Amino acid sequence: MSAPVPPENGIAHAIAQIDSATDEAAFCTAVGAARMVIALEVRARTPEATLAAAWSEALRHSVRAAARLVTGGVNPGWTWFVSGSVARGEAAPGSDVETLIAVDDTIDADGKTQIMELAALVHAMLERGGIGSDANGVLASRGRFCRRTSNWFEGIERWCANPPADRGVVMAGLMSDSQGVGTGSSLPDHALRSENVRCAGRHYPIRLAMLQDAVAVRAGFPSRLKIFATQSDAVDLKVAAIDPVVKIARWAALSAGTDVLSTPARLDAAAAAEVLDADDASTLRDCFGWLLRFRWHSRATAWQEGRQMSDTVSLSALAPQERAMLRGIAREIAGIRRKLIYLSSTSSFQ
């Protein structure tokens, strides 16, 4: 087993150790060292956006290293992609990984089955290293997320042209966030994402469907009257506040014809393309920045103490200024959401 990485050498050293791991024991040690470095950086008050980018990079390198170790360094004809917050550079402590595989078109049915079996072994190794698999089942070991390259491109065209079929909005969202991790020899890391942008530019239905999904109300912050009536002030921060901003930014980037990944970069690109009002984009950017900081702060404490992590917060347990800030952010997001609902009804985004 390789020696732990000295924390003073930083995250770059830990990632290098992940990349150079020669067996599972060394891999798990290196992932643990990366986690320790991030924990130290949290205590040093490193900006949360920097921590999120660093931890996301460590997770992407971990997927690549696990795939290499499972196959003994021999590529069986696959290219691994991650999606979600890990791809966007916005992972938080305890974030799981969403994975996809593009299989070479020359691989036959038996070969694809073997690749899915290998992918399951990769995820098992990641789990043993403390990196969880996506709770919603976006896993490269499943047939839906392990396709030949040509099938991925055919699927992207189909999802953009007819979003109600085959969970088109969900799949297009995964494609929007997809980022290769460097396991393929010929397919660019941005291949699925860029194709998704091109198809969305040709098909208005997917842009409208993703906007409608982004502004749909799924959960919110309970009013004081509701708290009094139900005796519950719990809020799922991710569902109520983070996801709406991420989804609006994802839709706006697609509508602007850009394949940038991070939520702030998407909002900036959308404002530059006049898809979003500049003030609205700036407001959403500020809201997202505060939410990212708050989420890292709340999760990092549980992470360091080995406690279960959750995005559900009790409003009464927060400091008054945090509670007021969260309610203010919820009002800002709700106002922009109502504006986008109205504009979408007037076909302003065609």
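Remember, predicted model here, so these are calculated numbers, not experimental data.
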Could you walk me through whether Arg147 and Glu154 pass the salt bridge (Lys or Arg N to Asp or Glu O under 4.0 Å) test, one step at a time? CA-CA 10 Å; Arg147 302 170 184 240; Glu154 290 166 3; over 6 Å; no
Output, in order, the C-alpha distance, side-chain angles, deciding distance and verdict of side-chain hydrogen bond (donor to acceptor under 3.5 Å, both in side chains) for Ser133 and His123. CA-CA 7 Å; Ser133 302; His123 270 288; 3.1 Å; yes
Decide yes or no on side chain to side chain contact (heavy atoms under 4.5 Å, CB included) for Asp166 and Trp159, but give the supporting numbers first. CA-CA 7 Å; Asp166 195 28; Trp159 299 320; 2.8 Å; yes
Test side chain to side chain contact (heavy atoms under 4.5 Å, CB included) on Phe294 and His297 and set out the steps. CA-CA 5 Å; Phe294 180 86; His297 175 75; 5.7 Å; no
Evaluate the side chain to side chain contact (heavy atoms under 4.5 Å, CB included) criterion for residues Val275 and Trp251: first the C-alpha distance (whole Å), next the side-chain angles of each, then the deciding distance (0.1 Å), finally the verdict. CA-CA 10 Å; Val275 173; Trp251 154 77; 3.8 Å; yes
Go through the steps to decide whether Met116 and Phe145 satisfy the test side chain to side chain contact (heavy atoms under 4.5 Å, CB included), and finish with yes or no. CA-CA 9 Å; Met116 286 191 290; Phe145 305 107; over 6 Å; no
Could you walk me through whether Asn196 and Ser176 pass the side-chain hydrogen bond (donor to acceptor under 3.5 Å, both in side chains) test, one step at a time? CA-CA 6 Å; Asn196 194 60; Ser176 292; 3.0 Å; yes
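Judged by distance alone, with hydrogens and angles left aside, the side-chain atoms of Arg323 form a donor-acceptor pair with the main-chain N or O of Leu318 at under 3.5 Å. Distance alone, capped at 3.5 Å, places no donor-acceptor pair between the Asp104 side chain and the Thr106 backbone. Proximity of a side-chain donor or acceptor of Ser56 to a complementary backbone N or O of Glu90 within less than 3.5 Å is detected. A donor-acceptor contact shorter than 3.5 Å links the side chain of Asp105 to the backbone of Ser150. Side-chain atoms of Asp96 come within 3.5 Å of backbone N or O of Ala135 as a donor-acceptor pair.
Of all heavy-atom pairs between Phe81 and Ser178, the closest is CD2-CB, 4.4 Å. Here the closest non-hydrogen pair linking Ala240 and Pro244 is O-CG, 3.7 Å. When every heavy atom of Ala209 is checked against every heavy atom of Pro163, the shortest pair comes out as CB-CB, 3.7 Å. Of all the heavy atoms in Ala91 and Leu59, the pair that sits closest is CB-CD1, 4.1 Å. Nearest heavy-atom pair across Asn75 and Gly77 is OD1-N, 2.7 Å. Taking all atoms of both residues into account, the shortest heavy-atom contact from Gly182 to Asp189 is N-OD1, 3.6 Å.
A salt bridge links Arg198 to Glu195: one of the charged nitrogens lies within less than 4.0 Å of a carboxylate oxygen. Salt-bridge check for Asp19 with Arg68: failed, with every basic side-chain N at 4.0 Å or more from each acidic carboxylate O. Of the charged side-chain nitrogens involved, none lies within less than 4.0 Å of a carboxylate oxygen, so that Arg295 and Glu48 do not count as a salt-bridged pair. The pair Arg88-Asp177 counts as a salt bridge, with a side-chain nitrogen and a carboxylate oxygen less than 4.0 angstrom apart.
By the rule that hydrophobic residues join a cluster once side-chain heavy atoms approach within less than 4.5 Å of another member, Leu340 and Ile242 end up as members of one cluster. Criterion: ILVMFWY side-chain heavy atoms under 4.5 Å apart, direct or through other members. Under it, Val103 and Leu187 are not part of a common hydrophobic cluster. Taking hydrophobic clusters as Ile, Leu, Val, Met, Phe, Trp and Tyr residues chained together by side-chain heavy-atom distances below 4.5 Å, Val97 shares a cluster with Leu118. Transitive grouping of hydrophobic side chains (ILVMFWY, heavy atoms separated by less than 4.5 Å) brings Val215 and Leu254 into a common cluster. Hydrophobic clustering places Val246 together with Leu237 (ILVMFWY residues linked when any side-chain heavy atoms are closer than 4.5 Å, directly or through intermediates).
The closest side-chain heavy-atom distance from Arg266 to Ile248 is not below 4.5 Å. By the 4.5 Å heavy-atom criterion applied to side chains, Phe27 and Ile18 are counted as neighbours. Between Leu121 and Met125, every side-chain heavy-atom pair lies at or beyond the 4.5 Å cut-off. Looking only at side-chain heavy atoms (C-beta outward), Arg285 and Asp268 come within less than 4.5 Å of each other. Two residues are said to be in side-chain contact when any heavy atoms from C-beta on lie closer than 4.5 Å; Leu192 and Phe153 meet this criterion. No side-chain heavy atom of Val138 sits less than 4.5 Å from a side-chain heavy atom of Thr99. Between Glu322 and Leu326 there is no side-chain heavy-atom pair separated by less than 4.5 Å. The shortest distance between side-chain heavy atoms of Thr79 and Trp152 does not fall below 4.5 Å.
Between the CD atom of Gln179 and the CZ atom of Arg193 there is a distance of 5.0 Å, given to the nearest 0.5 Å. We find the OG-CE distance between Ser83 and Met175 to be 6.5 Å, quoted to the nearest 0.5 Å. Rounded to the nearest 0.5 Å, atoms NZ (Lys112) and CD1 (Ile115) are 9.5 Å apart. A distance of 8.5 Å separates CZ of Arg158 from CG of Asn151, quoted to the nearest 0.5 Å. The structure places CZ of Arg60 at 8.5 Å from CD1 of Ile15, a figure rounded to the nearest 0.5 Å. Once rounded to the nearest 0.5 Å, the distance linking CG of Leu100 with CH2 of Trp80 reads 9.5 Å.
Environment of CZ in Arg128: crowded, with over 12 heavy atoms of neighbouring residues, nucleotides or ligands closer than 6.0 Å. Taking a 6.0 Å sphere around CZ of Arg45, one finds it holds 12 or fewer heavy atoms contributed by other residues, nucleotides or ligands.
Tested against Trp296 for a side-chain contact (heavy atoms from CB on, under 4.5 Å), the candidates Leu291, Leu51, Thr46 yield a single pass: Leu51.
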